[in-house]
Amino acid sequence: MSTVELSGVSHAYGRTQALSDVSLSVEPEEVVAVTGPSGCGKSTLLLLTAGVLRAQSGRVVVAGTELSGADDAARARFRRRQIGLVLQFGQLVEDLSVRDNVALPLLLEGHRPAEARAAADGWLDRVGLPVDPGTMPADLSGGQAQLAAGARALVTGPRLLLADEPTASLDPAAGRVLLDLLVGTTVQAGGSVVLVSHDNAVAARADREVRLRRGAIAHQVALS
Ligand code: ADP
């Protein structure tokens with residue numbers, strides 16, 4: 001079973017057609033880079049696959065579950081359990097500590113707080129952001145917020161890791177550490193990774209590049 005199956009997916013924001021009839025499968029252990037010029041629909045593709053947006057037409061199936069037919073609450077629940085999502089600006093909850101932001105997916109699933117926080121500390125260490133328990137998102141730089149978002153995405157051991165410019169605010173060395181973890185951890189566990197990036201170093205980690213142009217797949221290239 002493919003991890004991701006998009007069939008004939010279209011999405012518009014008002015009169016702006018962001019994606020038109022896109023079909024794409026991503027297999028277990030596969031890493032796909034989605035590239036293309038600004039405004040071509042990369043983020044929309046990622047948000048539809050994550051179930052943050054619901055496709056206006058076509059089917060979005062992730063790990064056998066049809067997200068395009070699920071309501072907001074069901075998609076959010078599914079995302080929490082199966083998908084790790086890293087967006088450009090970290091998107092941390094401002095009034096929770098950094099550690100609790102990372103622990104949150106586990107806390108919401110009913111894990112014991114001590115266990116969830118210990119797991120969060122472990123991932124924060126691995127991404128290179130050891131923090132005091134009281135550190136708040138406002139205390140972090142943009143790059144550190146991206147590291148925390150990476151730790152939060154990995155804490156549940158997701159089947160599918162989706163990342164939109166995950167290293168944009170990081171220096172090359174920190175970016176490499178984060179990317180190695182996002183890709184390595186997910187693929188080793190049999191999951192799949194979809195990376196949106198302008199950065200060649202990010203695309204170079206992929207098995208396949210899917211290039212979008214004006215909301216459609218312009219071409220696909222196997223990279224390995
Ligand atoms: P990319 O990630 O490749 O830059 P996006 O998926 O963000 O492309 O955007 C695709 C198109 O949809 C662009 O024309 C963009 O302006 C438009 N768009 C994206 N998000 C919104 C939104 N929330 N409201 C209105 N238009 C949007």
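Numbers for residues simply follow the sequence, beginning at 1. Read the numbers this way: they start at 1 and go in the same order the structure lists the ligands and their atoms. It should be emphasised that the depicted structure is a prediction, and the values quoted were computed from it without experimental measurement.
Of the charged side-chain nitrogens involved, none lies within less than 4.0 Å of a carboxylate oxygen, so that K42 and D164 do not count as a salt-bridged pair. No salt bridge links D72 with R54; every basic N to acidic carboxylate O contact stays at or beyond 4.0 Å.
Under the 4.0 angstrom criterion for non-hydrogen atoms, G215 is not in contact with ligand 1. Taking 4.0 Å as the cut-off, G39 counts as a neighbour of ligand 1 on heavy-atom distance.
A heavy-atom distance below 4.5 Å is not found between the side chains of L195 and V32.
Of all atoms in ligand 1, listed by their number and element, those nearer than 4.0 Å to a heavy atom of S38 are 4 (O). Ligand-side atoms of ligand 1 in range of P37: 3 (O), range being under 4.0 angstrom from any heavy atom. Atoms of ligand 1 lying under 4.0 Å from any heavy atom of K42, numbered from 1 in the order shown and given with element: 1 (P), 2 (O), 3 (O), 4 (O), 6 (O), 8 (O).
Side-chain contact check for E5 and S25: no donor-acceptor pair (N or O, by modelled atom type) lies under 3.5 Å.
Not one N or O of T16 is nearer than 3.5 Å to an N or O of ligand 1, by distance alone. Here's the thing with A18: none of its N/O atoms is less than 3.5 angstrom from an N/O atom of ligand 1.
Of all protein heavy atoms, the one lying nearest to atom 5 (P) of ligand 1 is T44 OG1, 3.7 Å. When only non-hydrogen protein atoms are considered, atom 19 (C) of ligand 1 lies nearest to Y13 CE1, 3.3 Å.
Distance alone, capped at 3.5 Å, is enough to place a donor-acceptor pair between the N101 side chain and the L96 backbone.
Inside a 4.0 Å radius of atom 1 (P) of ligand 1 there is at least one protein heavy atom.
Residue R59 qualifies as open at atom CZ: its count of foreign heavy atoms under 6.0 Å is 12 or below.
Residue V61 is found outside any hydrophobic cluster, as its side-chain heavy atoms come under 4.5 Å of no other Ile, Leu, Val, Met, Phe, Trp or Tyr.
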